[in-house]
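What you are looking at is a predicted structure, and each value in this text was computed from that prediction instead of being measured.
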Protein chains: 2
Amino acid sequence: MKKKTTIKDIANVLNISAAAVSKALHDDSRISDKTKKAVKQVAKNLNYQPNHLASALRSGKSNLVGVIVPRTNSNFFSSVIQNMEEVLNKAGYNIIITQSNESYKKECANIDTLLFTQVDGIIASMANETVDLSYYEKVKSKGIPLILFDRGENDLNVDYIGINDYNSSHMIVEHLVKQGCKRIAHIGGFKRTRIFNNRIRGYVDALEKYNLPQDPELLIESSLTTEEGREKMIELLALKNRPDAVYVAGDYAALGAFQVLNEQNIRMPEDIALVGFGNEAFTAMVSPTITSIEQHSSEIGQQAAKTFLKHVKNESFTQTLNKIILNAELIIRDSSKKQ
Amino acid sequence: MKKKTTIKDIANVLNISAAAVSKALHDDSRISDKTKKAVKQVAKNLNYQPNHLASALRSGKSNLVGVIVPRTNSNFFSSVIQNMEEVLNKAGYNIIITQSNESYKKECANIDTLLFTQVDGIIASMANETVDLSYYEKVKSKGIPLILFDRGENDLNVDYIGINDYNSSHMIVEHLVKQGCKRIAHIGGFKRTRIFNNRIRGYVDALEKYNLPQDPELLIESSLTTEEGREKMIELLALKNRPDAVYVAGDYAALGAFQVLNEQNIRMPEDIALVGFGNEAFTAMVSPTITSIEQHSSEIGQQAAKTFLKHVKNESFTQTLNKIILNAELIIRDSSKKQ
DNA sequence: TATATTTGCTTAAACGTTTAAGCAAATATA
DNA sequence: TATATTTGCTTAAACGTTTAAGCAAATATA
């Protein structure tokens, strides 16, 4: 195996100290331009690659940011990650992506992995299962910057970037009312998760605002998987008094509902209007296309990264809480467009 | 900020040397059970977390494996990664995921990032754009294990895990022939990429085997994006003599073709049978569902991880090349099932 | 011309581990 | 009982950086 070039090798070639080389490579003002040029040239010639482990160990900074997402194979999360990465790379940080697969256990393992790798910060979106926040408290107590996006909890008292879920529900209900819908159902997530609770509250308040009946059998909590979307849709269709619109709090569950409607030859939007949430790619692929909410993933990713950078910049007075709430956008498609 | 617990803190508590603590934590046989127990207890009490950077620096092993994929938001890649991760985690390795977004430039940057992070190995699937292999040669020349999957090049002469693309094309053509199709078109990838070349060869040879005409206008190369899938389908429909089946070498491009057929009210499979490649989730979501090829992503992920582990186990005689070629599976769905 | 400041480096220690070498005490072997 | 081996540790160096402290030479200031 070839020996890797170190700072000492460069120092030997030029007959200067390793310290001078290190400083030259970092453009220290106390090193002459002549030396800097010479060092950089030799570094290039010897194909020098800085040993990240050594510098991280010495400086106490790994320049690594850990990311935890429920999954990467969704448009939303992969776009958030991509934009986050772009901002962080420019600032000299690299990211380590981990997936929780919506499992609390895996999420804890991921946190351990990231702490073990000595990341300088963690940006996370919590798993559906996560209720116990002690693992996240652990991160906080270590003094490592923690930023949540999309799925976050207020109680943790950390920076957060997300969309206005409450308003999004209002937009959806308003749209459906305009289409002439009178009995609007909501297949929501679990109330214990903040964002889903907000969507539910928005839905309820909007119904009130537009003087629509608030039938308890039209409001269903679920885990928002495709399979549960199917089941809950079947439940709704079994009612004596069927809804004429269904707003599902997640696109994957909306797809389940969509499949059931298709199988039973129930027309969208004529018989039942359907609205999802998340603007996943497939909502524009299926027929009819599904109305959904665009969550501005790129903006969320950028803001999350910038928030992290703010943290490491002025490490002294970090604890001014940043809550960034973006306005979502309703993408109206065929599944709900009656006119 | 709280000072982190180190091995020395534990040593001080027990009045033994730091070296003894290190050995105790690693269950060295020359440390007494009594000491081991005591050390582990104190480590727990003080909430000791080993400093990965220090051990990696000293031992020359980072226990990190770098992964490069064109994108994570596809079923195939996210499943490969998940399975890879499972195997590697069990062996004490963590993974760093990076995306190339099908860009050669980003791919090179990713390689630099991973080398910089001192990964112990790289598992990659190459970007569509990648033709120049010098960056991968760089990895090889550093003596870092390199394993390719799905998209790999023979010339690099490294371990590879993938499916039998040639046979897959045979399966597809055979299936279409059985459905009574006579003019089978192929929207393929670029010949310069090995896997797409194999798919094309398989298609051509299978046509010959079943005595079907080999019309050059039915064989089209493309970048296999959804947009290109649309364009190439439109081209095929413009022929005087239309095909009665279209085999697209990627699901996203197949989706583009699918959309065009739907828009023009061309029935699948009656007018034109459609087959994709990759078994992306949406192939089972759209209507009609799209026949596709399952690439055994979980198997590929596991095998890639195991191949890496083999490399690090017997580092002496590494260079026995491993090429693992799995048989793919044809998932027959409505878009091609005439009977 | 005498003193102060700046420039351009060196020296030495440190980050938190791991590991080769070695040593005394305990135990086994002849 | 004398020697050999094993057990259970310690000592010291090392991995490749960064950085505080310091020093001589060069330059600026009074």
Quiz item: In a check of side-chain contact (heavy atoms from CB on, under 4.5 Å) between Asn322(B) and each of Val158(B), Asp159(B), Ile161(B), which one passes?
Solution: Asp159(B)
Quiz item: Which of these, Val21(B), Ile10(B), Thr5(B), sits in a side-chain contact (heavy atoms from CB on, under 4.5 Å) with Val42(B)?
Solution: Ile10(B)
Quiz item: Which ones in residues 25-41 of chain B lie close to DNA chain D, meaning a heavy atom under 4.0 Å from one of its atoms?
Solution: Arg30(B), Ile31(B), Ser32(B), Thr35(B)
Quiz item: Which residue lies toward the 5' end of DNA chain D, Thr6(A) or Ala18(B), if each is placed at its nearest nucleotide?
Solution: Ala18(B)
Exercise. Would you mind telling me which residue lines up with the more 5' stretch of DNA chain D, Ala20(B) or Pro50(A), judged by nearest nucleotide?
Key: Ala20(B)
Sub-4.5 Å side-chain heavy-atom contact between [X] and [Y]:
| X | Y | answer |
| --- | --- | --- |
| Arg151(B) | Glu102(B) | yes |
| Phe77(A) | Gln99(A) | no |
| Asn157(A) | Glu137(A) | no |
| Asp120(A) | Asn63(A) | yes |

Self-check item: Presence of Ser17(B) side-chain N/O under 4.0 Å of dT10(D) phosphate oxygens OP1/OP2
Solution: yes
Quiz item: Hey, is the side chain of Ser22(B) poking within less than 4.0 Å of OP1 or OP2 on dT18(C), counting only N and O atoms?
Solution: yes
Quiz prompt | Candidate list Lys142(B), Lys105(B), Lys138(B), test salt bridge (Lys or Arg N to Asp or Glu O under 4.0 Å), partner Asp112(B), passing option | solution = Lys138(B)
Practice problem: For DNA chain C, just give me the dot-bracket, please: Watson-Crick or G-U, both distances below 3.5 Å, ( ) intra-strand, [ ] crossing earlier pairs, | paired with another strand, . unpaired. | Solution: ||||||||||||||||||||||||||||||
In whole Å, what is the span from the [atom1] atom of [X] to the [atom2] atom of [N]?
| X | N | atom1 | atom2 | value |
| --- | --- | --- | --- | --- |
| His52(B) | dC15(D) | NE2 | P | 19 Å |
| Ile7(A) | dA14(C) | CD1 | P | 19 Å |
| Leu14(A) | dG8(C) | CG | P | 16 Å |
| Leu46(A) | dG16(D) | CG | C1' | 15 Å |
| Arg58(B) | dA14(D) | CZ | C1' | 5 Å |
| Asn12(A) | dT10(C) | CG | P | 12 Å |
| Leu53(B) | dT17(D) | CG | P | 14 Å |
| Lys23(A) | dT11(C) | NZ | P | 12 Å |

Self-check item: Ser55(A) side chain, from C-beta outward: closest of dT18(D), dG16(C), dT19(D)
Solution: dT18(D)
Quiz item: Going by distance alone, is a donor N or O of one side chain under 3.5 Å from an acceptor N or O of the other, for Asp132(B) and Ser134(B)?
Solution: yes
Quiz item: Once the angle between the rings of Phe308(B) and Tyr93(B) is folded into 0 to 90°, is it parallel (under 30°), tilted (30 to 60°) or perpendicular (over 60°)?
Solution: perpendicular
